[in-house]
Student: 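Pasting in a structure now, in structure tokens, and then I'll have a few things to ask.
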Amino acid sequence: MKEKIAILHTNDLHSHFENWPKIKRFIINERKRLESDGYTVLTVDLGDAMDRAHPLTEATNGKANVKLMNDIHYDAATIGNNEGLTNTKVQLNHMYDDANFDVLLDNIVDSENGKKPKWSIPQKTVTTNQGTRIMLTGMTAPYTSTYTLQGWTPIDDQKQIPLFLKRNHEKYDVLVLLSHLGVKQDRITAKKYPEFDVIIGSHTHHLFVKGELDNGVLLAAAGKYGHYVGEITLELDDHKVTSKKAKVFKTEDLLKSDADDADINNWELEGENLLASHKVAKIPHDMNSDLLHPSSMVNTALNAMKEKAGTDAAVINSGMFLGNLKAGLVDRNMLHKLLPHSIHVMRTKLLGIDLWRMIQEMEKNRNFLVPYEQKGMGFRGKYFGNLNYSGIRYDAKDGSVYYNGKIVIPNKYYTIALLDHYIFIPFFPTISIMGENDMLYDETLREVFADYLAKKYPIK
């Protein structure tokens, strides 16, 4: 008995709502077309649908994204690191309260009780009209150093997959992995576990225009930011897959409506209005940022970081600041535009010799980094910018480093406030290799800055 199955997929939208109206329209229409052509159609999302760089996502803690996804009626979605790590545990526990789709996740557990999150299920089986069992499961990038800070325990996908396969042996006819693990892990999984018929990938923003067949496993991926929508078609005979193909549709080429621009602008405006309704502080003077030179904005941020971390020294790059603040009332929308990043303050403890080495790395890379177009890892700006110190002085004449006005002693410990971003970029390896790093994950840099302003310049 012959049968046809199609899977429509999206991934890594990152709140790029400018592409959403076209995506929604296309999926709804394409699903109808495929069904009329005899296909059983499933629709899935691979995670990182949200990004707090968009004001509506920030204002609603991602709930607005889920509401928009509901319009498509996905059959399933998994989470990305943006859902899992830019929301607090409480926020994530309620993000999907109103979702009309299932969240599939089999490699994250609650650190408190070792159980899977209540808002997710490990797998889902869809049975076609002809009795074919399509099993879907989802896994996300297991960031052990950061998920634990939010109260979650991630499980290595290569340890979890064999457990999943053993648990579900002979319970499916077609097996699909919704992967937010990245292309490298997808290829490893395909080579080791040909039980999967399809692995739909994301996280590394890779694009497979016509899919990739690896060890008999079809890998599919649709890039990033909603630039493409993916479609997988399977042909079966007697419940066994006989053909598998993948392709993508470029969103730019999809049908547009006259109402699209208004919807896009309204989502932006709604988010900004929600954020602007929360007043934070009343500053007595302008605060300006400068990519090249020290500024009042940078100095304020350095003081906020030191207060948050309880240190006498701090380092920040000027590219973090994407604008200025005028004297007067400051609200959350202004601060979101200023600091849209998902980056946190970090307290780092180093021996004097390692602090000296870290500063040498910073000085060596300083001129290169000023115009460097930094991408990803929480950064939502454009240029890295200049490095700024507080409580630290570097003497370019002899390379010596001073902490609080005193020359650094090689075998003495020092603490400094940095950004967790510096662990993940390759320019300052001493931080991750030698530092005792305590990520202060309860607040983003934006929130730390807001708290400092509210304390120093309260609204009276």
Student: What do the steps show when you test Phe427 against Tyr422 for ring pair (Phe, Tyr, Trp, His ring centres under 6.0 Å), and what is the final call?
Tutor: CA-CA 8 Å; Phe427 305 110; Tyr422 297 165; 9.9 Å; no

Student: Mind jotting down which residue pairs meet the salt bridge (Lys or Arg N to Asp or Glu O under 4.0 Å) criterion with at least one end in residues 302-315? Sequence neighbours excluded, please.
Tutor: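 Every pair satisfying salt bridge (Lys or Arg N to Asp or Glu O under 4.0 Å) with a residue in residues 302-315: Glu307-Lys455, Lys308-Asp442, Lys308-Glu443.
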
Student: For the residue pair Thr311 and Tyr414, confirm or rule out a side-chain donor-acceptor distance under 3.5 Å.
Tutor: no

Student: Looking at residues at least two apart in the chain, or sitting in another chain, which of them share a side-chain hydrogen bond (donor to acceptor under 3.5 Å, both in side chains) with Ser120?
Tutor: none

Student: Apply side chain to side chain contact (heavy atoms under 4.5 Å, CB included) to Thr127 and list each qualifying residue two or more places apart in sequence or on a separate chain.
Tutor: Thr125, Arg133

Student: Could you pull out all residues at least two apart from Leu149 that satisfy side chain to side chain contact (heavy atoms under 4.5 Å, CB included)?
Tutor: Met439, Tyr441

Student: Tell me, please, which residues at least two apart from Lys2 pass salt bridge (charged side-chain N to carboxylate O under 4.0 Å, His left out).
Tutor: Asp237

Student: For the residue pair Thr10 / Asp45, report whether a side-chain donor-acceptor contact shorter than 3.5 Å exists.
Tutor: yes

Student: Considering residues at least two apart in sequence or located in another chain, which fulfil the salt bridge (charged side-chain N to carboxylate O under 4.0 Å, His left out) criterion with Lys116?
Tutor: Asp106

Student: Does Asp51 pair with Arg380 as a salt bridge, N-O distance under 4.0 Å?
Tutor: yes

Student: Please name the pair of heavy atoms, one in Leu104 and one in Ala76, separated by the smallest distance, quoted to 0.1 Å.
Tutor: CD1-CB, 3.7 Å

Student: Among residues at least two apart in sequence or on other chains, which ones pass side chain to side chain contact (heavy atoms under 4.5 Å, CB included) with Asn437?
Tutor: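 For Asn437 the side chain to side chain contact (heavy atoms under 4.5 Å, CB included) partners, ignoring immediate neighbours, are Met346, Thr348, Ile423, Ile431.
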
Student: Would you verify whether the NZ or CZ of Lys282 falls within 45 degrees of the ring axis of Tyr457 while also being under 6.0 Å from that six-membered ring's centre?
Tutor: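 Judged by the rule (NZ or CZ under 6.0 Å from the ring centre, within 45° of its axis), Lys282 is not positioned above Tyr457.
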
Student: Would Phe17 and His54 count as a ring pair (Phe, Tyr, Trp, His ring centres under 6.0 Å) here? Give the steps.
Tutor: CA-CA 9 Å; Phe17 294 147; His54 193 285; 4.5 Å; yes

Student: Applying side-chain hydrogen bond (donor to acceptor under 3.5 Å, both in side chains), name anything that partners Asp97, two or more places apart in sequence or on another chain.
Tutor: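 For Asp97 the side-chain hydrogen bond (donor to acceptor under 3.5 Å, both in side chains) partners, ignoring immediate neighbours, are His94.
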
Student: With rounding to the nearest 0.5 angstrom, report the CD1 to CG distance, Ile343 to Asn317.
Tutor: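 Result: 7.5 Å between the selected atoms.
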
Student: Out of curiosity, Lys382 NZ to Lys375 NZ, how far, rounded to the nearest 0.5 Å?
Tutor: 8.5 Å

Student: Does a donor on one side chain and an acceptor on the other come within less than 3.5 Å for Thr86 and Ser342?
Tutor: no

Student: Should the pair Arg446-Glu58 be classified as a salt bridge under the 4.0 Å nitrogen-to-oxygen rule?
Tutor: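 Between Glu58 and Arg446 there is a salt bridge, with a charged N closer than 4.0 Å to a carboxylate O.
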
Student: Please determine whether a side-chain nitrogen of the Lys or Arg among Lys32 and Glu35 lies less than 4.0 Å from a carboxylate oxygen of the Asp or Glu.
Tutor: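 Judged by the 4.0 Å cut-off on N to carboxylate O distance, Lys32 and Glu35 do not form a salt bridge.
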
Student: Take Asp354 and Thr430, measure what side chain to side chain donor-acceptor pair (under 3.5 Å) needs, and give me the verdict at the end.
Tutor: CA-CA 7 Å; Asp354 296 318; Thr430 293; 5.8 Å; no

Student: Please state whether the rings of Phe249 and Phe26 are parallel, tilted or perpendicular, taking 30° and 60° as the class boundaries.
Tutor: tilted

Student: Measure the spacing between CD1 of Ile7 and CG of Leu234 and express it to the nearest 0.5 Å.
Tutor: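 Ile7 CD1 to Leu234 CG: 5.5 Å, rounded to 0.5 Å.
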
Student: Find the distance between CG (Leu178) and CD1 (Ile200) and round it off to the nearest 0.5 Å.
Tutor: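 Rounded to the nearest 0.5 Å, the CG-CD1 separation comes to 5.5 Å.
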
Student: Could you go through residues 218-233 and list every donor-acceptor pair under 3.5 Å that involves a side-chain atom there, pairing it with any protein atom two or more places apart or in another chain?
Tutor:
from	atom 1	to	atom 2	distance (Å)
His227	ND1	Lys224	O	3.4

Student: Using 0.5 Å steps for rounding, measure from the NE2 atom of His14 to the NE2 atom of His16.
Tutor: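 His14 NE2 to His16 NE2: 7.5 Å, rounded to 0.5 Å.
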
Student: What distance do His344 atom NE2 and Leu445 atom CG have between them, rounded to the nearest 0.5 Å?
Tutor: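 Between atom NE2 of His344 and atom CG of Leu445 there are 9.5 Å.
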
Student: Do Asp12 and His203 meet the criterion of a side-chain donor-acceptor pair at a distance under 3.5 Å?
Tutor: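 Side chains of Asp12 and His203: no pair found under 3.5 Å.
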
Student: May I ask you to check whether Arg52 and Asn61 show a side-chain donor-acceptor distance below 3.5 Å?
Tutor: yes

Student: Decide, yes or no, whether a salt bridge links Asp110 with Lys118 under the criterion of side-chain N to carboxylate O below 4.0 Å.
Tutor: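 No.
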
Student: Side chains of Gln158 and Lys192: donor-acceptor distance under 3.5 Å anywhere?
Tutor: yes

Student: In this structure, are over 12 heavy atoms from other groups packed under 6.0 Å from Lys184 atom NZ?
Tutor: no

Student: Go through the structure and list residues passing salt bridge (charged side-chain N to carboxylate O under 4.0 Å, His left out) with Glu3, not counting sequence neighbours.
Tutor: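 In terms of salt bridge (charged side-chain N to carboxylate O under 4.0 Å, His left out), with neighbours along the sequence ignored, Glu3 is linked to no residue.
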
Student: Looking only at non-hydrogen atoms, find the nearest pair between Ala49 and Met69 and report the distance.
Tutor: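 Heavy atoms only, the tightest pair is CB-SD, 4.0 Å.
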
Student: Please identify each residue that fulfils salt bridge (charged side-chain N to carboxylate O under 4.0 Å, His left out) with Glu112, with sequence neighbours left out.
Tutor: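 Lys89.
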
Student: For residues Thr78 and His180, is any side-chain donor paired with an opposing acceptor at under 3.5 Å?
Tutor: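 On atom types as modelled, these side chains do not qualify, holding no pair under 3.5 Å.
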
Student: Would you please name every residue forming a side chain to side chain contact (heavy atoms under 4.5 Å, CB included) with Lys337, sequence neighbours left out?
Tutor: Glu272, Asn333

Student: When you look at Lys4 and Asp37, which way does the salt bridge (Lys or Arg N to Asp or Glu O under 4.0 Å) test go after all the steps?
Tutor: CA-CA 9 Å; Lys4 298 188 294 186; Asp37 197 26; 3.7 Å; yes

Student: Given side chain to side chain contact (heavy atoms under 4.5 Å, CB included), test Thr444 with His341 step by step and report yes or no.
Tutor: CA-CA 8 Å; Thr444 61; His341 325 287; over 6 Å; no

Student: Show, in sequence, the C-alpha distance, side-chain angles and deciding distance for Asp214 and Lys191, and conclude whether the salt bridge (Lys or Arg N to Asp or Glu O under 4.0 Å) test is met.
Tutor: CA-CA 7 Å; Asp214 198 333; Lys191 285 181 172 65; 3.3 Å; yes

Student: Just checking, any donor-acceptor pair under 3.5 angstrom between side chains of Asn19 and Thr251?
Tutor: no

Student: Can a side-chain donor-acceptor contact be found between Arg31 and Thr43 if the only test is distance below 3.5 angstrom?
Tutor: yes

